[in-house]
Asks: 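Pasting in a structure now, in structure tokens, and then I'll have a few things to ask.
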Amino acid sequence: MFDNLSDKLDKALHILKGHGQITEINVAETLKEVRRALVDADVNYKIAKDFTSKVKEKALGQDVLKSLKPGQLMVKLVKDELTALMGGDAAGVNLSGKPSVILMSGLQGSGKTTFSGKLANYLKTKKTKKVLLVACDIYRPAAIDQLHVVGEQIDVEVFSDRGNTDAVAIAKAGVAHAEENGFNVVIIDTAGRLAIDEEMMTEIANIHKAITPHETLFVVDSMTGQDAVNTAKAFNDVLNFDGVILTKLDGDTRGGAAISIKSVVNKPIKFIGTGEKMEAIDVFYPSRMADRILG
Ligand code: GDP
């Protein structure tokens, strides 16, 4: 379905073979292909442009054209840079609290509730933690039901308070319940809207202030492409979150949003969601993502 960037670059550079040293002009030409590939993968255009400018500096002076497969070498250079860009702080969540409080943020439909369940299941089975899920969506009763269904699936307790319209109070009560009952981790699932709005931002900011979580995670649907950047920025401005969760990577998106988000908010991508099932969670590996983005 996708053209192979390595082949494309091989072709482009083949024409220029014999020049010995890679020149500014042919690097610029091939990087145009790289830029196109990044934009095709949903990387924000400006970010793709800045990125290829950086790679250009590195590429100049390297004997790329002397190699048998200059395109592959160029791709390696690009891949290494992409990996470095998406890397950074080690993944994993802060579990130092007693209990550790994890606040989930993101738009409605991004996969927050599903991921809350996946993370609870992951921490329960892989880290042997006693986890409590807290339902703080006061606007959609269905969202509370959904979290209860998730909790039943993974055998994790869910704290909710139907009818209570104070999300901050529910979050605080959930944390208190966890403290009193020996839970190691509390995951707070919050309300999301279809688009950023002030009321939602104020509410989550208030929850954040009231419970001072050990870890605030921003969940984003990788299929939203370019829009993911604006959403990430808006949430980060308010919450200064600790990490990003990229969901729905089982779809046919290349996942370029990972680069855009990392470039704009400079927060590590910690986990990815790869399906609707509770087991469809994976730690984020920058080099795998770079492979996927480059095709
Ligand atoms: P929320 O509104 O942010 O809580 O989002 P939900 O958790 O309700 O997820 C919205 C929809 O996306 C649901 O139908 C989920 O089953 C689905 N979903 C969540 N994560 C993934 C994922 O990683 N892959 C796929 N294919 N679907 C997902």
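The first residue in the sequence is number 1, and the count goes up from there. In listed order, ligands and their atoms are each counted from 1. Keep in mind that this is a model prediction, so the values were computed, not measured.
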Asks: Should the pair D80-K76 be classified as a salt bridge under the 4.0 Å nitrogen-to-oxygen rule?
Replies: yes
Asks: Indicate, as side chain, backbone, both or neither, the part of K118 found under 4.0 angstrom from ligand 1 when only non-hydrogen atoms are considered.
Replies: side chain
Asks: Distance under 4.0 Å to a non-hydrogen atom of G273: what atoms of ligand 1 satisfy this?
Replies: 23 (O)
Asks: Can you sort out which atoms of ligand 1 are near Q108, meaning under 4.0 Å from one of its heavy atoms?
Replies: 2 (O)
Asks: How close does the nearest protein non-hydrogen atom get to atom 5 (O) of ligand 1, and which residue and atom is it?
Replies: G111 N, 3.0 Å
Asks: Need the ligand 1 atom indices (1-based, order shown) with element for anything under 4.0 Å from a heavy-atom of Q146.
Replies: 6 (P), 7 (O), 8 (O)
Asks: With a cut-off of 4.0 Å, which atoms of ligand 1 are near a heavy atom of K112?
Replies: 1 (P), 3 (O), 4 (O), 5 (O), 7 (O)
Asks: Heavy-atom contacts with L107 under 4.0 Å: which atoms of ligand 1 show up? List them by number with element.
Replies: 3 (O)
Asks: For ligand 1, which atoms have a heavy atom of D250 less than 4.0 angstrom away?
Replies: 22 (C), 23 (O), 24 (N), 25 (C), 26 (N)
Asks: Return yes or no for this condition: an N or O of L249 is under 3.5 Å from an N or O of ligand 1.
Replies: no
Asks: Purely on distance, is any nitrogen or oxygen of T247 under 3.5 Å from one on ligand 1?
Replies: no
Asks: Any idea which part of T274 is under 4.0 Å from ligand 1, heavy-atom wise: side chain, backbone, both or neither?
Replies: backbone
Asks: Is K54 salt-bridged to E81, cutoff N-O under 4.0 Å?
Replies: no
Asks: With heavy-atom distances below 4.0 Å as the criterion, list the atoms of ligand 1 near G275.
Replies: 21 (C), 22 (C), 23 (O), 24 (N), 25 (C)
Asks: In terms of atom number and element, which parts of ligand 1 are under 4.0 angstrom from non-hydrogen atoms of T113?
Replies: 1 (P), 4 (O), 7 (O)
Asks: Between ligand 1 and A280, can you find any atom pair, the residue atom being a heavy atom, that is separated by under 4.0 Å?
Replies: no
